[in-house]
Amino acid sequence: MTAIPANPVTPALPAASTPLIHHPYRAPEGFLAPQLPIYQASTVIFPHLKALRSRDWRERDGYTYGLHGTPSTFTLESRLATLEGGEHCTLAPSGLSAIAHVNLALLSHGDEVLLPSNAYGPSLALAKGELAQFGITHKVYDPLDLSSLKSLFTERTRLVWLEAAGSVTMEFPDLKAMTALCKTHGVLSALDNTWGAGLAFNPFDCGVDVSVHALTKYPSGGGDVLMGSIVTRDSVLALQIKLSHMRLGTGVSGHDVAAILKGLPSLALRYTQQDRSARAVAAYLKGQAGVVQLLHPAFEDSPGHAHWRNHCVNEAQPQGLAAGIFSVVFRPSIVLARVDAFCEGLKLFKLGYSWGGPMSLVVPYELVSLRGTQPSGLLPGHLVRFCIGLEDPQDLIADLESALLGVDHFS
Ligand SMILES: *Cc1c(COP(=O)(O)O)cnc(C)c1O
């Protein structure tokens, strides 16, 4: 071999560089393991030009480009469609981006969208921001008042957003009656199904056209991944969403998909355990002197409890199912600084947004300043939201007890 003279301008590549890219090793055909390998691609290789020219990303039997699907995304999409009782699923990089995607795919200039007054905050902010910029107007209805929704329909109404239950004030609406009302007006309904997670009730059997799920919450379960999904039963609607997804380019990472896939087998176990723990902790707080109202749809005097029973209780699930999240209203005479001191006095409950993860979380909300008015069905006072993690509920109750005792004049 002739020695190549040293050249300071074009340094030689290490000899191993090409074999690092073109390596003959192939994973054995019959390799099977509980978890799918992580498939990652921007480029997908075609065997010949005929395949490159004829393959259609809409047919899920072939791959064209990473953004249009990999074995990882197709697997998660089909499992989520099964979980929620739908047929088609599209992934988005966060729950909020899934909500935004539905709006962008289904609404045009001049359309109007209706949102519940307890809507996930950033969803309302999107309506006030970008949707308004694009000439899409919105109106807000009371989720506990069917006539309030009914009174808002016009010929411009194109989409109604639903949440069951609301993620801060926890009202459970009459979902079936609301979707029926949408159908009689020829209007699409989209549910933010993060709370039900595909377990507490079947959104499509309740008449919903589109179900959006923040996979960030229960399906991830780790508090470490952001992702969202859009599920439909209708293939025309699904294609409209998929085409828009193709144009907007909101893809997800194969590693994040793998993390969600890893969470799915334990989803039902975690959901039911967090439900049980949350009901135990909520029952404890309900009995405390400073608490004037408990907001948890499985408790009798919580707003929308009858609707929760009607949608989430059945023969297979006589106690019904609910997410491990609830709020309490502390007496208005308690000084706000004391409510803050109580939240900061908790040791196991951490201060932070989100839910469905391993750690219990707490966030105080000043609702009147947040929404501009006192929500109907809610007593005045200071609202604090609790998200129950996977800790022993007795330890959580002990933590609450000592934080309550640690603040003077708290009852
Ligand atoms: C968290 C959440 C979202 C948004 O999910 P991200 O992944 O955080 O964007 C949407 N809706 C509800 C009800 C949520 O709790």
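Just so you know, ligand 1 is whichever comes first in the structure, and atom 1 is the first atom listed for that ligand.
Considering both main-chain and side-chain atoms, T216 comes within under 3.5 Å of ligand 1 through a nitrogen or oxygen pair. For ligand 1, the polar-atom distance check against W355 finds a nitrogen or oxygen pair separated by under 3.5 Å. In terms of polar-atom proximity, defined here as any N/O pair under 3.5 Å, K217 does make such a contact with ligand 1. By the 3.5 Å distance cut-off applied to N or O atoms, L96 is counted among the residues near ligand 1.
We find the CG-NZ distance between D145 and K150 to be 11.5 Å, quoted to the nearest 0.5 Å.
Each of H311, H305, H307 was scored for a ring pair (Phe, Tyr, Trp, His ring centres under 6.0 Å) with F172, with one residue passing: H311.
Residue G95 approaches ligand 1 through these ligand atoms, each under 4.0 Å from one of its heavy atoms: 4 (C), 5 (O), 6 (P), 7 (O), 9 (O). Near L226, meaning under 4.0 Å from any of its heavy atoms, are these atoms of ligand 1: 7 (O), 8 (O).
Aromatic rings from Y63 and Y39 are positioned such that their centres are separated by 6.0 Å or more.
Taking the charged nitrogens against the carboxylate oxygens, K139 and E112 do have a contact shorter than 4.0 Å, which makes a salt bridge. Ion pairing between a basic and an acidic side chain is recognised when a charged N comes within 4.0 Å of a carboxylate O; D301 and K286 show such pairing. A salt bridge is defined here as a Lys NZ or Arg NE, NH1 or NH2 lying under 4.0 Å from an Asp or Glu carboxylate O, and R233 with D205 meets this definition.
Looking from atom 3 (C) of ligand 1 to the surrounding protein, the closest heavy atom is Y120 CZ, 3.4 Å. The nearest protein atom to atom 12 (C) of ligand 1, hydrogens excluded, is given as D192 OD2, 3.3 Å; this is a heavy-atom distance.
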